[in-house]
There are 2 protein chains.
Amino acid sequence: MKKEIKKVPVVDRRIQRTKKLLFDAFMNLILEKGYEEVTIQDIIDKANVGRSTFYAHFESKEQLLSNSHQDLGKLLFSVNNHSKIEGIDFLSLYNHAKSHSHVAKAMLGKKGGDLVINHLRDAMAYKILNELKKKSGKGKAELKMLSFTAEATAAALTRLLTCWLDDDMPFEPELMTERSNQILATIL
Amino acid sequence: MKKEIKKVPVVDRRIQRTKKLLFDAFMNLILEKGYEEVTIQDIIDKANVGRSTFYAHFESKEQLLSNSHQDLGKLLFSVNNHSKIEGIDFLSLYNHAKSHSHVAKAMLGKKGGDLVINHLRDAMAYKILNELKKKSGKGKAELKMLSFTAEATAAALTRLLTCWLDDDMPFEPELMTERSNQILATIL
DNA sequence: CCGTAAACATACATTGTGTTCAATAACATA
DNA sequence: TATGTTATTGAACACAATGTATGTTTACGG
């Protein structure tokens, strides 16, 4: 048999470099002029990358964004091994946001688009609804109002995070976690 | 004296017609393909209005939108003469949304942009913060957290409305008002 | 009916988009 | 280090939307 050992798909360094250049340029441009105003032309200019190179990797700025914000989503609340409660790990969320505040502000701040924010909110709503279902009847109307409640609560929690970021994180993650759990507790 | 009675600045019928054509076309286009996708070209095509005519009245689609959504904002919660509480008149809000559901969905639904939604949320947050200030200390940190709470609550209430619209208003305005006031009560 | 002003068609320069292609440079690996 | 592979480049292209300008036509209000 031939060498089947090296199955690790080593990513070409050029690709890593290009993607990082594009992503960093995008983040900075968002903070400069706001998500909507940033064009692909802006990005490739600032990154100093050929036009065709951009389209070799992404097909839009949305895709360039969502490429890297999936990691965020996962890291934030999908797998929280240490937490016994299977709810949302707000402390990890706030700590992670704080230690990557530059990117976090670009993605979730007021200059950023609503794409990532809404995605985060939707994911939260899904989790919350699951929790709510456990503690309630199964009537059709009741279930619908329950999902509205989940959506509203997720919106509140997301807003709390984005305000905190936009205000340059004036409180410690621990305090924000406490406040978040308070809000969550009022509806559970 | 001459006739000073008719001080009403009668708006040229052509202007009214043009603006209505553009606005209606815009609303329908939003519901068809989503706010971001709609171009000015689309709007003037569907409205069957000359390109230069559009720019004679508006300088962007955002302005075309905000032109008419100010009325909405006012009608919703700025002046509520009949309500004794100087809070937010949710019943008027939901009733108004229901009786103009086509426009309301275009402006606040998931196909609509986040421009109007965020504006509504901000206005709510402002009102809520004022209420909160009355019932709390004036410490600097305390005030800041209070404003976060106001923002979060406003986000929740706004989300409740938009979900209700997107779900084709499955409950009566009275019930939604009750739920809204419940949410508000938990933080006041 | 008439003077005014809105709407019109048209043209134009500008900018961004998305794709193609041959030439070049950087890469992984042997 | 040599070699085959692959990412990147720059240029060109067609296309669509933007925003502005102009002279003409149309419809309004008085």
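Quick caveat: nothing in here was measured; it's all calculated off a predicted structure. Residue numbering restarts at 1 for every chain, and letters A, B, ... go by the order of the sequence lines.
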message: Donor-acceptor pair, distance only, cut-off 3.5 Å: does the side chain of A:S66 make one with the backbone of A:E62?
response: yes
query: Taking the inter-plane angle between the rings of B:F26 and B:Y35 on a 0 to 90° scale, is it parallel (under 30°), tilted (30 to 60°) or perpendicular (over 60°)?
result: tilted
message: Measuring from the side chain of A:Q41 (C-beta onward, heavy atoms only), which nucleotide among D:dA7, D:dA17, C:dT17 has the closest atom?
response: C:dT17
query: Rounded to whole angstrom units, what separation is found between the CD1 atom of A:I43 and the C1' atom of C:dT15?
result: 16 Å
- request: Take atom CZ of B:R13 and atom P of C:dA7, then tell me their distance rounded to the nearest Å.
  value: 13 Å
message: Ignoring hydrogens and geometry beyond distance, is the side chain of B:R14 in donor-acceptor contact with the base of D:dA27 at under 3.5 Å?
response: yes
message: If you apply the rule salt bridge (charged side-chain N to carboxylate O under 4.0 Å, His left out), what do you find for B:D24 with B:K46, and how did you get there?
response: CA-CA 9 Å; B:D24 290 347; B:K46 171 156 283 198; over 6 Å; no
- prompt: Considering the options A:K135, A:K127, A:K134, A:K133, which one meets the salt bridge (Lys or Arg N to Asp or Glu O under 4.0 Å) requirement together with A:E131?
  reply: A:K134
query: Whole-Å distance between C:dT19 P and A:F58 CZ?
result: 15 Å
query: At under 4.0 Å, does any side-chain N or O of A:Y55 touch on OP1 or OP2 of C:dT19?
result: no
query: Looking just at side-chain N and O atoms, do B:Q182 and B:R179 make a donor-acceptor pair shorter than 3.5 Å?
result: yes
message: Just the rounded figure in Å: distance from P of D:dT8 to CD of A:Q16.
response: 11 Å
task: Using whole Å, report how far CG of B:D45 lies from P of C:dA9.
output: 11 Å
task: Could you tell me whether the phosphate oxygens of D:dA7, OP1 or OP2, come under 4.0 Å of any side-chain nitrogen or oxygen in A:H57?
output: no
query: Is any NZ, NE, NH1 or NH2 atom of the basic residue among B:E32 and B:K111 found under 4.0 Å from an Asp or Glu carboxylate oxygen of the other?
result: no
- line: The correct set of residues in residues 46-54 of chain A placing a heavy atom under 4.0 Å from DNA chain D is A:N48, A:V49, A:G50, A:S52, A:T53
Short side-chain donor-acceptor distance under 3.5 Å, B:D42 and B:T39: yes
query: Want to settle it: does A:D12 or B:E59 sit nearer the 5' end of DNA chain D, counting the closest nucleotide to each?
result: A:D12
Distance, rounded to the nearest Å, where B:K61 contributes NZ and D:dA17 contributes P: 12 Å
- prompt: How long is the line joining CD1 of A:I40 and P of C:dT19, in whole Å?
  reply: 10 Å
task: Please state how far atom NZ in B:K33 lies from atom C1' in D:dA17, giving the value in whole angstrom units.
output: 11 Å
- prompt: Choosing from C:dA28, C:dA6, D:dT18, which nucleotide comes nearest the side chain of B:T39?
  reply: D:dT18
